[in-house]
Amino acid sequence: MLSVRDAEATILNLVQGLDKQKDIEFVDLLTAHNRILATSVNSYLDFPHWDNSEMDGFAVRYADVLKATAEKPTVLEVVEEIPAGYKPQITVKPGQAARIFTGAVMPDGADTVVMQEKTHRQENRVFIFAAPQPQEFVRRKGDFYKAGSELLPAGIRLSATEIAVLAAAGHDQISVFRRPRVVIFSSGNELVMPGEALQAGQIVDSNQFALATLVREVGAEVLVLGIVKDDPTALKEIIEYAIANSDIVISSGGVSVGDYDYIEKILQSLGAKIHFQSVQMRPGKPLTFATFPNTLYFGLPGNPVSALVTCWRFVQPTIKKLAGLAQGWQGQFLKVRSHSELQSNGKMETYIWGKLHLVNGVYEFYQAGGNNSSGNLINLAQTNALAVLPVGKTLVYPREEVLVLQVR
């Protein structure tokens, strides 16, 4: 049985990102949200594109206004008005100024902007009542970015800010990695679909819906194959189909040590390399990870809470790395103060679900109310974090620091 850390390292060391030649596609910016940039991007434009004003005011020569005071203002002739989007026509000469607005191009001859609050205009003259700093309120061409240099690196996830930068840089289409393909199915004779009448001993399968949602959250394409009964022939057929049509297969159930747990034997018969079959964690101990030449296989526990926890802990980071994300595959861990008393038997790395709340500027972890059995899916609703108690840690007192994994 592997430790959680060793299981994570085993998985991520085996994950190879998508191919930078074969696994890319071009998308327009309106469909690029949450995609992973496949190649670095540059621009033919400088940012700013030209010297421009960051204030409404007057473009002047600093030499003309360096001695201006409220008692002895400098008086300049206004020779031009420059709104945004207008190309200046006149060179500012000694004793002259141009009325200028935020974002407008600086005229030749001027090197400084005096904000309008420190001026007074009378027809074609402007009175300057305070000396500015040299080049004050002037944004120089290329100060933010030089044309031809790297604008955005490959391997980043595109959000609104990156898409805004790409648009401003003149890109209407970009190359991104294709989405990883994930196939999901549940196994178990006791499972039925939502909406079906329950017979004695049956349960509604929630795993395929939860897992599909978690997989989509990190940017993968999902094919859900539904419920497969505990029949070796049917399971083998579905697994063969799944590994032929995916980058990752996720099954839930059938990986423990019961008489009807066939998954591992089937994987072996199909030539899989099984790297481990259990992890020192609770919930989530009966976890199988195997590889085929072109496919990763996760056999998750059938217990719904265990399936969710192992997906957060291992599957989502795997998808992020496979998808081409250059860094930040692992989950987001924080050290916070526990509001609740947290308990474990100390034999397993234990995950306790609850909520992070911001209290007086400090995050605190509140354990979910009710029965915290791994069989209780109900009180997992509306939680957003998992407190992690390492092996050997049996108790966390209120106000004691605890490591938590953010899951939403």
Side-chain angles (χ1 to χ4, degrees), residues 28-33 37 40-153 156 158-174 361:
D28 64 57
L29 293 188
L30 289 177
T31 60
H33 175 248
L37 193 62
S40 62
V41 174
N42 58 26
S43 177
Y44 65 93
L45 296 169
D46 289 307
F47 285 83
H49 308 327
W50 46 75
D51 292 355
N52 70 90
S53 175
E54 59 178 296
M55 282 284 180
D56 291 346
F58 291 86
V60 300
R61 299 170 67 254
Y62 175 71
D64 286 343
V65 296
L66 60 86
K67 295 182 179 180
T69 64
E71 294 76 22
K72 192 174 181 181
T74 297
V75 183
L76 302 174
E77 178 190 8
V78 180
V79 295
E80 188 173 25
E81 185 166 296
I82 309 170
Y86 172 81
K87 181 180 179 180
Q89 305 295 310
I90 296 175
T91 297
V92 174
K93 297 175 182 177
Q96 296 180 338
R99 178 71 165 118
I100 197 165
F101 297 88
T102 302
V105 179
M106 287 290 292
D108 289 342
D111 57 19
T112 301
V113 171
V114 180
M115 62 190 302
Q116 65 183 25
E117 290 83 353
K118 296 181 179 180
T119 67
H120 176 69
R121 184 173 180 178
Q122 290 183 354
E123 297 181 348
N124 69 334
R125 295 187 304 164
V126 60
F127 292 76
I128 310 297
F129 295 110
Q133 296 297 312
Q135 302 186 42
E136 190 169 22
F137 301 128
V138 176
R139 296 182 288 217
R140 294 296 178 187
K141 178 181 178 180
D143 270 357
F144 307 156
Y145 168 82
K146 297 290 187 183
S149 60
E150 185 178 76
L151 182 67
L152 293 174
I156 62 170
L158 298 174
S159 67
T161 50
E162 290 78 30
I163 290 171
V165 168
L166 289 165
H171 294 275
D172 59 348
Q173 284 200 332
I174 51 165

Using atom types as modelled and distance alone, determine if a side-chain donor or acceptor of [X] lies under 3.5 Å from a backbone N or O of [Y].
| X | Y | value |
| --- | --- | --- |
| H171 | I163 | no |
| D28 | L30 | yes |
| D46 | K141 | no |
| R139 | S53 | yes |
| Q89 | K87 | yes |
| N124 | E77 | no |

Which residue in the set V114, D64, T69 passes side-chain contact (heavy atoms from CB on, under 4.5 Å) when paired with I128?
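Of the listed options, the one satisfying the test is V114.
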
Result of checking K118, E117, Q122, Q116 against H120 for side-chain contact (heavy atoms from CB on, under 4.5 Å)
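It is Q122; the other options fail the test.
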
R140: side-chain hydrogen bond (donor to acceptor under 3.5 Å, both in side chains) partners, not counting sequence neighbours
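Partners of R140 under the side-chain hydrogen bond (donor to acceptor under 3.5 Å, both in side chains) test: D51, Q135.
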
Taking every non-hydrogen atom, the tightest pair across [X] and [Y]:
| X | Y | value |
| --- | --- | --- |
| V92 | P107 | CG2-CG, 3.7 Å |
| R61 | G109 | CG-O, 3.2 Å |
| I90 | E80 | N-OE1, 3.2 Å |
| V60 | A97 | CG1-CB, 3.8 Å |
| A131 | L66 | CB-O, 3.3 Å |
| S149 | N42 | O-CB, 3.0 Å |

With R125 as the cation and F127 as the aromatic partner, state whether NZ or CZ is under 6.0 Å from the six-membered ring centre and within 45° of the axis.
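No, cation not above the ring by the 6.0 Å, 45° rule.
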
For a side chain to side chain contact (heavy atoms under 4.5 Å, CB included) check, start with the C-alpha distance between V126 and R99, then their side-chain angles and the critical distance, and finish with the verdict.
CA-CA 9 Å; V126 60; R99 178 71 165 118; over 6 Å; no

L151 and V165: CA distance, side-chain angles, deciding distance, side chain to side chain contact (heavy atoms under 4.5 Å, CB included) verdict
CA-CA 8 Å; L151 182 67; V165 168; 3.7 Å; yes

Test side chain to side chain contact (heavy atoms under 4.5 Å, CB included) on V105 and N52; report intermediate values, then the result.
CA-CA 4 Å; V105 179; N52 70 90; 5.6 Å; no

Reported [atom1]-to-[atom2] distance for the pair [X] and [Y], which is rounded to 0.5 angstrom:
| X | Y | atom1 | atom2 | result |
| --- | --- | --- | --- | --- |
| E162 | I174 | CD | CD1 | 10.0 Å |
| F129 | T119 | CZ | OG1 | 7.5 Å |
| L29 | Q173 | CG | CD | 8.5 Å |
| T102 | M115 | OG1 | CE | 10.0 Å |
| E136 | D111 | CD | CG | 11.5 Å |

Answer yes or no: is there a side-chain heavy-atom contact under 4.5 Å between [X] and [Y]?
| X | Y | value |
| --- | --- | --- |
| P132 | F137 | no |
| H33 | L158 | no |
| L152 | I156 | yes |

Under the ring pair (Phe, Tyr, Trp, His ring centres under 6.0 Å) definition, can you give me all pairs with a residue in residues 48-93, not counting sequence neighbours?
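Listed once each, the pairs are F47-H49.
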
Go through the steps for M106 and V113 under the test side chain to side chain contact (heavy atoms under 4.5 Å, CB included), then give the verdict.
CA-CA 9 Å; M106 287 290 292; V113 171; 3.6 Å; yes

